[in-house]
Engineer: 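Dropping the structure in here first, questions after.
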Amino acid sequence: MSQPQVIYLKDYQVPAFLIDQTDLRFELEATKTLVKARLTMRKNPESHSQQRALFLDGDKSLVLHRVAINDQVLSDKDYSRTDDGLTIHDVPDSFVLETVTEINPQENTALEGLYRSDGFYCTQCEAEGFRRITFYLDRPDVMSVFTTTIEADKTTCPVLLSNGNAIDSGDSEGGRHWVTWEDPFRKPAYLFALVAGDLSHVEDSYTTMSGRKVVLQIFADKKDLNKLDHAMTSLKNSMRWDEEVYGREYDLDIFMIVAVDFFNMGAMENKGLNIFNTSCVLASPQTTTDLGFQRVEGVVAHEYFHNWSGNRVTCRDWFQLSLKEGFTVFRDSEFSADFNSRTVKRIEDVSVLRTAQFAEDAGPMAHPIRPSSFIEISNFYTMTIYEKGAEVVRMIHTLLGPDLFRKGSDLYFDRHDGQAVTTDDFVAAMSDASGRDFTQFKRWYEQAGTPELTVSDEYDPAAGVYTLIIQQSCPATPGQNEKLPFHLPVAVGLIDDQGADLPLTNGQTTQVLELTEAEQRFEFTGIHGDKPVPSLLRGFSAPVKLRYPYSRDELVFLMQHDSDGFNRWEASQKLGVDVLQSLTAAYQQGEPLAFDARLSEAYRSVLLDETLDPAMVAKILTLPSEAYLSELVDEIDVDAIHAARTFARQHIANALEAEFIAAYERCSSSEPYSPDADSIAKRALRNLSLAYLVETEKPQHLSLARTQFDNADNMTDSQAALGLLVHSNDEVAASEVLAIFYERWSEESLVVNQWLSVQASDPKLGTLNKVLALMDHPAFTMRNPNKVRALISAFAMQNPVNFHQLDGSGYAFLADRIIELNALNPQIASRLVTPLTRWKRYSEQRQALMKNELQRIMDSGSLSTDVYEVVSKSLV
Ligand code: B3K
Ligand code: ZN
């Protein structure tokens with residue numbers, strides 16, 4: 001195998017050629033589809049290249065039947081083929097290039113380009129999938145107007161969709177028909193989409209702020225038509241929100257969403273024709289949990305918002321990916337915050353960031369939100385690009401305030417509409433609109449790693465001066481040993497001994513401090529009485545780790561009094577971490593585990609406070625996850641962390657049993673299911689209470705779980721009970737409910753995925769054998785990424801105790817799956833490597849076992865660029 005090539009941002013050059021018009025004709029057949037492309041091209045006046053040769057990207061799987069320039073068919077000697085494309089040796093300054101290419105959608109298991117999902121034809125072109133469809137300049141700064149004609153069998157493919165508006169259609173010979181679509185907006189090839197099949201749809205409409213009527217259609221398999229209402233409502237809410245909050249209106253006459261079951265990620269924002277994983281669009285009370293409803297709402301919004309942040313203004317090159325993804329995640333999370341509980345949404349986002357993204361920053365694949373090199377761009381659709389990218393945009397929002405931020409986003413969209421631009425252009429628009437200097441801030445785009453803030457304070461009661469001293473540093477990451485200080489906002493409040501916020505220098509109770517130096521002092525004057533307790537990094541105003549020597553009593557105090565909802569939760573987490581770390585240490589030293597009752601007493605008062613939002617109560621009463629606890633230590637001892645957390649849960653359950661019973665009853669409801677914030681909140685606290693009750697291992701509480709399982713009228717309650725019973729020690733109940741659940745839902749693929757996950761994440765020893773058996777279950781196939789995620793990823797990522805078994809069986813199992821998937825679906829294979837990349841964080845014994853498996857993957861031969869990049873970088 002030749003060494004995969006590294007691509008560098010510094011090598012960027014404007015394209016030598018442009019494509020003004022792209023006319024495509026697809027003659028669809030499962031194993032032999034013809035793609036006829038007619039590209040109207042010219043030399044790029046901005047390019048200094050004198051080259052006469054034209055290179056077009058094209059995957060080696062393309063079978064080239066014909067090439068013509070200006071109607072002249074080229075002969076073999078006029079062009080040459082390589083594994084990555086087609087070179088035409090001499091082309092004029094402007095010309096029409098025609099190609100006829102053959103592809104095989106049926107055999108496309110990588111799910112990139114044109115492929116079949118359960119009999120439907122669909123495409124996925126981002127980032128570089130279009131080159132698996134036809135020869136093209138497959139880069140985002142080549143933007144073209146597309147017309148697409150799709151011709152296919154009328155019976156099996158009554159529905160033929162592409163981007164834009166349908167402008168013509170007709171019948172052709174042999175029971176076939178065709179439709180022509182025209183997309184008036186110039187776009188890069190990664191936003192191209194085609195869908196064909198026997199799809200059903202629901203329809204609605206939306207009138208934009210300027211009074212244009214837009215047809216809204218959501219397509220799915222006929223049996224899923226009853227699960228599309230929530231997505232439709234979410235879409236209309238998103239369209240309204242983007243008009244109100246960003247002044248952005250939808251631009252085509254039609255907006256379509258298609259649900260497919262075989263999909264590598266969540267969804268894709270193709271212009272006018274979004275394609276979604278069924279898991280991110282289908283929702284019904286019977287089959288979908290509250291989390292699922294919220295995910296649908298968030299992903300529908302995310303893809304819709306891309307119409308402006310991504311499509312109308314797109315990326316110049318793939319190093320700029322966070323330009324569209326970070327900004328769009330920020331936009332969708334603000335949308336969800338506006339439609340649900342803002343604090344709860346923030347807690348959820350921060351939890352994900354602090355476990356998965358911080359772990360990425362601390363691992364071998366660490367990269368800045370604008371990477372400077374990559375081997376395989378598909379590997380860079382990461383938590384860093386998305387979630388940290390969103391945090392960086394959020395910091396700009398915090399530094400500017402909502403009004404100036406809006407001025408900046410207006411300028412960005414207006415200045416760059418129809419262009420392919422860079423993160424520098426985004427920051428320049430924010431800076432130009434506000435007059436603020438973002439020079440130092442831009443280090444966030446260049447430096448990888450999670451900054452660490454160490455905070456101390458001084459108080460001079462006589463002078464009335466309270467001082468915060470903040471130091472920042474950032475650990476080394478691959479290729480970046482030294483980091484320069486970041487510019488970041490630290491939102492703080494000061495709380496007096498009565499629990500009241502003190503007025504600060506700015507006259508408010510929260511002040512945003514701007515940290516720019518390695519060490520900085522911030523003075524607050526007019527502070528009297530006892531030393532205040534600082535509430536630091538309110539709302540998690542920057543994606544950093546923060547250390548301040550809070551006592552446990554101070555944390556209990558903050559849990560009760562902090563006016564910042566996020567920091568109230570954060571205090572509970574810090575207290576939980578402190579208690580659990582002591583328990584972990586005791587377990588490791590073989591000492592008896594002693595529980596600090598301050599934690600359970602603090603929980604008790606939160607649980608008894610009926611004025612609190614039940615969703616917040618549920619969040620506060622959830623101990624820090626094993627993943628988060630792992631993130632906080634140098635060497636991860638999975639068994640000790642699991643034992644400590646289990647001990648704490650049992651202790652809390654026994655101490656607060658009566659309160660949990662009361663909360664369970666208080667939060668029960670006889671109303672029909674509704675996924676509104678209040679009902680979701682009640683179900684969250686009810687199911688959390690049930691989980692603690694089951695932790696007592698008392699038979700009456702297991703029965704309560706069983707009763708809930710039997711009587712639930714919605715998937716949230718049903719699945720919560722299922723999980724508790726399956727993970728309990730009651731083997732009989734576990735196998736009974738698993739059988740009932742499967743029997744009831746065997747026709748609902750997404751529900752069956754939950755059934756697989758519940759079993760794969762069971763922390764009881766011996767789960768690996770069950771996972772191996774489930775791989776042979778008819779409900780499982782390695783070809784469907786949702787199934788792989790439900791079973792294999794759930795085992796490797798949500799079941800640390802079993803995955804990290806000291807006999808190495810978990811690691812070997814995962815490596816086998818990666819090797820198998822490398823040939824089938826490289827993107828999914830590469831994602832699965834993640835848990836093994838973290839080997840440096842474990843004991844020597846585990847390190848050796850994990851490294852061994854990485855090496856075995858490396859040596860397994862013909863690795864995809866996807867897997868090669870992650871494995872080779874991990875072995876360094
Ligand atoms: N832009 C797509 C992700 C494409 C991933 C390609 N490997 C979905 C999204 O972020 O909206
Ligand atoms: Zn996106």
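Computed from a predicted model, the values in this text were never measured in an experiment. Sequence positions, counted from 1, serve as the residue numbers for this chain. Counting convention: from 1, in listed order, for ligands and their atoms alike.
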Engineer: Among all the protein's non-hydrogen atoms, which is closest to atom 6 (C) of ligand 1, and how far away is it?
Structural biologist: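 For atom 6 (C) of ligand 1, the nearest protein heavy atom is Glu126 O, 3.1 Å.
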Engineer: Out of Tyr386, Tyr381, Phe380, Phe305, whose heavy atom is nearest to atom 9 (C) of ligand 1?
Structural biologist: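 Closest candidate by heavy-atom distance is Tyr386.
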Engineer: Quiz question: by atom type and distance under 3.5 Å, do the side chains of Gln217 and Asp204 form a donor-acceptor pair?
Structural biologist: no
Engineer: So, applying side-chain contact (heavy atoms from CB on, under 4.5 Å) with Ser234, which one of Met232, Lys236, His230 is it?
Structural biologist: His230
Engineer: Give the numbers and elements of all ligand 1 atoms closer than 4.0 Å to a heavy atom of His306.
Structural biologist: 9 (C), 10 (O), 11 (O)
Engineer: With atoms numbered from 1 as shown, which atoms in ligand 1 lie under 4.0 angstrom from a non-hydrogen atom of Met265?
Structural biologist: 3 (C), 4 (C), 5 (C)
Engineer: For atom 8 (C) of ligand 1, what is the closest protein heavy atom, and at what distance to 0.1 Å?
Structural biologist: Ala267 O, 2.9 Å
Engineer: At less than 2.8 Å, would any N/O/S atom of Glu303, backbone or side chain, sit next to the Zn ion (ligand 2)?
Structural biologist: no
Engineer: Does the ring centre of Phe305 sit less than 6.0 Å away from the ring centre of Phe335?
Structural biologist: yes
Engineer: Assess the side chains of Tyr190 and Asn270: does a donor N or O sit below 3.5 Å from an acceptor N or O?
Structural biologist: no
Engineer: Quick check with a 6.0 Å cut-off and a 45 degree axis cone: is Arg312 positioned over the face of Phe413's six-membered ring?
Structural biologist: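 Ring-cation test returns no.
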Engineer: Do Gln827 and Tyr381 get their side chains close enough for a donor-acceptor pair, meaning under 3.5 Å?
Structural biologist: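 Their side chains do not contain a donor-acceptor pair, so the 3.5 Å distance test is not met.
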Engineer: Please identify which atoms of ligand 1 are closer than 4.0 Å to at least one heavy atom of Lys324.
Structural biologist: 1 (N)
Engineer: Would you mind running through ligand 1 and noting each atom that sits below 4.0 Å from a heavy atom of Glu269?
Structural biologist: 1 (N), 2 (C), 8 (C), 9 (C), 11 (O)
Engineer: Could you list which atoms of ligand 1 come closer than 4.0 Å to a heavy atom of Gln827?
Structural biologist: 7 (N)
Engineer: With atoms numbered from 1 as shown, which atoms in ligand 1 lie under 4.0 angstrom from a non-hydrogen atom of Met268?
Structural biologist: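 In order of number, 1 (N), 2 (C).
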Engineer: So, of the N/O/S atoms that Glu325 has, which is the nearest one to the Zn ion (ligand 2)?
Structural biologist: OE1
Engineer: Is NZ or CZ of Arg116 both nearer than 6.0 Å to the six-membered ring centre of Tyr121 and within 45° of the ring axis?
Structural biologist: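 Output yes; distance and angle both within limits.
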Engineer: Quick one about Lys787 and Ser749 (side-chain donor to acceptor, distance below 3.5 Å, no hydrogens or angles considered), yes or no?
Structural biologist: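 Checked: Ser749/Lys787 side chains pair up, N/O donor to acceptor below 3.5 Å.
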Engineer: Using the Zn ion (ligand 2) as the vertex, how large is the angle between NE2 of His302 and NE2 of His306, rounded to 10 degrees?
Structural biologist: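 Rounding to the nearest 10 degrees gives 100°.
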Engineer: Taking the side chain from Ser322 and the backbone from Glu325, do they hold a donor-acceptor pair closer than 3.5 Å?
Structural biologist: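 It does not hold such a pair.
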Engineer: Considering only heavy atoms, which of Gln124, Glu303, Glu112 lies nearest to atom 11 (O) of ligand 1?
Structural biologist: Glu303
